[in-house]
There are 2 protein chains.
Amino acid sequence: MNILEKIANELDTFSKSERKVADVILSSPGTVIHASIAALAKQANISEPTVNRFCRRLDTKGYPDFKLHLAQSLANGTPYVNRHVDENDSAEEYTTKIFESTMANLELARKSLDTSTINRSVDILTQANKISFFGLGASAVVAHDALNKFFRFNVPVVYFDDILMQRMSAINSRQGDVVVIISHTGRTKSLVEVASLAKENDATVIGITTEGSPLAKECNMVLSIDVAEDTDLYMPMSSRIAQLTLIDILATGFTLRRGTKFRDNLKKVKDSLRSSRFERKE
Amino acid sequence: MNILEKIANELDTFSKSERKVADVILSSPGTVIHASIAALAKQANISEPTVNRFCRRLDTKGYPDFKLHLAQSLANGTPYVNRHVDENDSAEEYTTKIFESTMANLELARKSLDTSTINRSVDILTQANKISFFGLGASAVVAHDALNKFFRFNVPVVYFDDILMQRMSAINSRQGDVVVIISHTGRTKSLVEVASLAKENDATVIGITTEGSPLAKECNMVLSIDVAEDTDLYMPMSSRIAQLTLIDILATGFTLRRGTKFRDNLKKVKDSLRSSRFERKE
DNA sequence: GAACTTTTTGTAATTTTATTACATAATACA
DNA sequence: TGTATTATGTAATAAAATTACAAAAAGTTC
């Protein structure tokens, strides 16, 4: 992967002249990235085409491409990876690990999301007479957040994290209503039932859940997020962050779809909160 | 430092044509590092010298040097840049932008968090007789999430998103109780009052808020998160994700501090949920 | 709103840089 | 030692980037 390591590894497979180039590069890679092929050739006391051939041997397209790889190696990139928190981690260590895992999972979630489904979901939401967000446990938090976001849009919106209320609400739904059900696993019985009830009563059911799950089967539309759930501590962490980001996306799509005039309304909502706050002095 | 961030920051200082180049680069930096100046110019619909001038404006020696910087930025772990959603963005575009902004802000949040304060907060939480989480609006979601997490620890924990309940709870607090108040701005009057009340009644008050805010001044300990809040749509998005990640961190720190035996308890809680779910067939 | 200045942008020429094609040298092997 | 193979360099060519200059656009001033 890292081209500097690669050079070091393959040092003995190089020819005499290639070896000279390798030595120069390894001894001061920082200089090389700013040098032209001529300069490097001169420093290694070999010809320019030899440098070029050296680059190709390392699976790069040529000298400029090689420099690019070198620059990346030098940047000592530590990409975000899902690292599990360890028993003996210090506060600094687990903080870093959790942040990095969260970011790695967001990256995964982004890749797994289908934008055309998002687009259609936004379509449906903008045309809804009433929007309901249901979730339980950790997913209740996501539903709660969705309420906060959509509430500002001046659209009839409700949120329930109580099984009975969810059921009653689902039974009372009608054509034109949209029910968004959030469940990471998609295997929570009561939520699957709620989805089924809502559908029977002609509501459009959007599931934020895992593809192919029992819940997904009951939904008209499924927004599936694949994340490697960190089950170490028996708490769903990353899936919830990804779901919240998805809510942001849906809310954003909603406002964009509703156009400029609509966004003035958001400003009004925001302004109305002003009196409850201490003024910022600046 | 990071040239991608630099471009994103200086976006409004660019001229019309330079802006075009910037947009192309930001939308697919990975492609640009393999493109010639001619290819990039063509893609941005501007002339080659304009690209060159653009590179120089960013304090690079020219286009190849710019590509080097870009390559390093990309390798540096964070290709994520805070980009604002635009009026005419497609679903794909705003999805990408929101994910990337979220990730960029998590990165920022991580840098701004002080691990020694986290460590002390975990100390305080593990020793608490009772933990209360208070928030309003978007921050209520975070408090709600905190409840979900800490509830599993078999510790007396409450959460209120209602001003009156928060006040009453604060007044009834006593030595050994910990009150965690969440507010991005730290300028919500009622929450500042609640903090003050809790402190008067000998509770330890931890604020998840902005440093130096009115709320921060009332707290015994402040966990401050600096994020560039995306106020485009008048909804706090990134701060909330960062706060939730902080809750994850506190909860993780909590379990680690409590030791192995304690974690068995978490498993019990998890197992107790099993009967409410459809079994996974695999 | 016309005349001027400043800034921005593009065209074409030039220079720099990298690559190719070919020739020569070195090495390996029978 | 002669031949095949590989390695390397020279010179030509191609590609890429930069410069110099001119035209266009945007601001300013009266």
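Numbered from 1 within each chain, the chains take letters A, B, ... in sequence-line order.
Using a 4.5 Å heavy-atom cutoff, the side chains of A:Thr209 and A:Leu223 are not in contact.
Nucleotide C:dT17 holds its C1' atom 15 Å from the OH atom of B:Tyr63, rounded to whole Å.
The side chain of B:Ser15 places an N or O atom within less than 4.0 Å of a non-bridging phosphate oxygen (OP1 or OP2) of C:dT9.
In this structure, the side chain of A:Glu107 does not engage the main chain of A:Ala104 through any donor-acceptor pair within 3.5 Å.
Residues A:Glu18 and A:Arg53 are not paired through a salt bridge, judged by the lack of any N-O separation under 4.0 Å between the basic side chain and the carboxylate.
Reading DNA chain D from its 5' end, the first and the last nucleotide to sit under 4.0 Å from a heavy atom of chain B are D:dA17 to D:dA26.
When the C1' atoms of four end pairs are superposed on the next four at each end of the helix from C:dG1-D:dC30 to C:dA30-D:dT1, using five pairs per end, the two resulting axes differ in direction by 20°, to 10°.
Between A:Ala35 and A:Arg53, it is A:Ala35 whose nearest contact on DNA chain C lies nearer the 5' terminus.
Legend: residues meeting salt bridge (charged side-chain N to carboxylate O under 4.0 Å, His left out) with A:Asp23, ordered by chain and number and at least two apart, are A:Arg19. A search for ring pair (Phe, Tyr, Trp, His ring centres under 6.0 Å) contacts involving A:Tyr159 returns A:His144, not counting sequence neighbours. Listed by chain and residue number, B:Glu211 satisfy the side-chain hydrogen bond (donor to acceptor under 3.5 Å, both in side chains) test with B:Ser224 (two or more places apart in sequence, or in another chain).
Across all strands, A:Arg56 comes closer than 4.0 Å only to sugar-phosphate atoms, never to a base (heavy-atom distances).
Of the residues in residues 43-52 of chain B, those with a non-hydrogen atom less than 4.0 angstrom from any atom of DNA chain D are B:Pro49, B:Asn52.
Aromatic ring centres of A:Phe150 and A:Phe133 lie closer together than 6.0 Å.
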